[in-house]
Amino acid sequence: MVRRIEVSGAGGVRLAAWEFTDPPKAGAGREGARGPGVLLLHGLLGRAAHWAETARWLSTRYRAVALDQRGHGRSQKPAEGPFGRSSYVDDAEAAVEQLGLAPVTLIGHAMGALTAWQLAARRPDLVRALVICDMRASALGAASQREWAEWFRSWPVPFATLADVRKWFGEDDPTLERPNPPRGDFFAEVMAERSDGWRPAFSCRQMLKVRDTWVNDAHWEELALVECPTLVVRGLDGELGRAEAQEMVRVLPRGQYAEVVDAGHLVHYDQPDGWRRAVEPFLASVLPV
């Protein structure tokens, strides 16, 4: 069962949360009925639905909720934001508190992982454990932001069909080193049909503004403040290099490391079995059942 829950984020922004677990039986305690809370945070351009396969196996033991972050999915897309880091962290904090998930395990991919560790650093009382998926702690710099702007301009929108979306992002995108069909499926999930064809369900202008709030800064100091057990997961062909990932583990007071072979940046999406094998034992070791 999947049900949508509305959350009020920072500044009253409406956020859509998706619970992938059956509601509790009458008279049962919250954690006893549904297990410890887990909040899943997608990356830039993503949406909560990208966590569906992960959330389904999580829901057999835990209370799994995925959040559409502001500007994404079914959540509100305020024209002028704010889109700063504090807004995203405030939103995640509001979701944890309003949904009664604390002490929560945060699982984040890319930008969502940064949000997760910033919340864990700010509110250690709310966070029981943390999984960081393919997110760098180092600054990426202005050149990276220019590359993203150029990449957005290269998209041949509107796409005539979803098959065209899948083909371009999975095969024809010039930034690809080799075909990646799961990547095409990933982007098909964030397109919306318009009168002239299929276009992104998000604003590319907004996404660049969101990214600009963290891409030029390093985040090592906040990482070092994370007190809870933390697993750093990277795809072997992802954006987080092995040396940096291992340094992140060293900086974390209670860090652990895992990598998934044959996975790129979209670790949990393109290699779901390998992702599960990396994450499930960690969760079993840190969470009560």
Side-chain angles (χ1 to χ4, degrees), residues 1-21 37-52 54-55 63-102 104 106-120 122-123 126-127 135 145 148-149 152 155 157-158 162 165 186-215 269:
M1 169 180 178
V2 181
R3 67 185 182 111
R4 176 176 172 173
I5 310 168
E6 188 165 296
V7 172
S8 180
V13 169
R14 296 187 305 278
L15 305 173
W18 307 86
E19 185 169 1
F20 289 78
T21 184
V38 178
L39 183 65
L40 298 136
L41 299 171
H42 61 75
L44 190 71
L45 314 187
R47 61 181 301 178
H50 286 140
W51 288 114
T54 296
R63 184 184 176 202
V65 179
L67 182 69
D68 276 334
Q69 297 177 81
R70 63 174 59 207
H72 298 75
R74 296 294 182 88
S75 288
Q76 190 175 349
K77 302 170 178 62
E80 300 304 322
F83 294 114
R85 281 283 81 219
S86 61
S87 296
Y88 280 87
V89 178
D90 288 345
D91 287 347
E93 182 177 348
V96 171
E97 293 184 326
Q98 290 173 36
L99 298 173
L101 296 172
V104 70
L106 299 173
I107 300 179
H109 172 245
M111 180 194 75
L114 176 58
T115 300
W117 88 60
Q118 289 179 326
L119 176 56
R122 179 204 288 182
R123 291 291 309 274
L126 288 184
V127 183
M135 179 61 189
Q145 190 73 341
W148 268 68
F152 279 143
W155 293 11
V157 292
L162 281 180
V165 173
F186 181 97
F187 279 95
E189 289 196 49
V190 294
M191 295 290 158
E193 190 173 18
R194 312 297 187 194
S195 59
D196 58 349
W198 293 85
R199 294 178 177 272
F202 49 78
S203 162
C204 292
R205 178 185 64 84
Q206 286 186 350
M207 294 300 100
L208 284 174
K209 290 178 68 173
V210 172
R211 195 172 187 272
D212 194 51
T213 64
W214 53 264
V215 72
Y269 197 87

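Just so you know, residue 1 is the first one in the sequence shown, and it goes up from there.
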Please confirm whether the backbone N or O of Gln69 pairs with a side-chain atom of His42, one donor and one acceptor, at under 3.5 Å? yes
Taken to the nearest 0.5 Å, the spacing of Leu99 CG from Leu67 CG works out to 8.0 Å
Heavy-atom closest pair (Phe20 atom, Ala55 atom, distance to 0.1 Å) is CG-CB, 3.4 Å
Do the side chains of Arg14 and Asp68 get close enough for a salt bridge, i.e. N-O under 4.0 angstrom? no
Looking only at non-hydrogen atoms, find the nearest pair between Arg199 and Pro158 and report the distance. NH2-CD, 3.5 Å
Nearest heavy atoms of Val210 and Thr213, plus distance in Å: O-OG1, 2.6 Å
How long is the straight-line distance from OG of Ser8 back to CD of Glu97, given to the nearest 0.5 Å? 12.0 Å
Is a donor on one side and an acceptor on the other found under 3.5 Å between the side chain of Gln145 and the backbone of Arg211? no
Counting N and O atoms only, with roles assigned by atom type, does the side chain of Gln98 sit under 3.5 Å from a partner on the main chain of Gly9, one being a donor and the other an acceptor? no
Pair Arg205, Lys209 - check side-chain contact (heavy atoms from CB on, under 4.5 Å), show working. CA-CA 6 Å; Arg205 178 185 64 84; Lys209 290 178 68 173; 3.7 Å; yes
Under 4.0 Å between a Lys/Arg side-chain N and an Asp/Glu carboxylate O for Arg74 and Glu6? no
Nearest heavy-atom contact between Ala95 and Val7 is CA-CG1, 3.9 Å
Set of side-chain contact (heavy atoms from CB on, under 4.5 Å) partners for Pro82, sequence neighbours left out: Arg70, Ser87
How many angstroms lie between CE in Met207 and CZ in Phe83, if you round to the nearest 0.5 Å? 6.0 Å
Using a 3.5 Å cut-off and no angle test, enumerate the donor-acceptor pairs between side-chain atoms of residues 107-115 and protein atoms at least two apart in sequence or in another chain.
residue	atom	partner	partner atom	Å
His109	NE2	His265	O	2.8
Thr115	OG1	Arg85	NH1	3.0
Thr115	OG1	Arg85	NH2	3.2
Thr115	OG1	Met111	O	3.3

Quick one: does any side-chain atom of His72 pair with a main-chain N or O of Arg47 as donor and acceptor, under 3.5 Å? no
Roughly how far apart are Trp214 CH2 and Met135 CE, rounded to 0.5 Å? 4.0 Å
So how far is it from Trp148 CH2 to Leu45 CG, rounded to the nearest 0.5 Å? 4.5 Å
Taking every heavy atom of Leu15 against every heavy atom of Ser75, the minimum-distance pair comes out as CA-OG, 3.2 Å
Which atom of Phe152 lies closest to which atom of Cys204, heavy atoms considered: CD2-SG, 3.7 Å
Within this structure, what is the OH-OG1 distance for the pair Tyr269 and Thr54, rounded to the nearest 0.5 Å? 11.0 Å
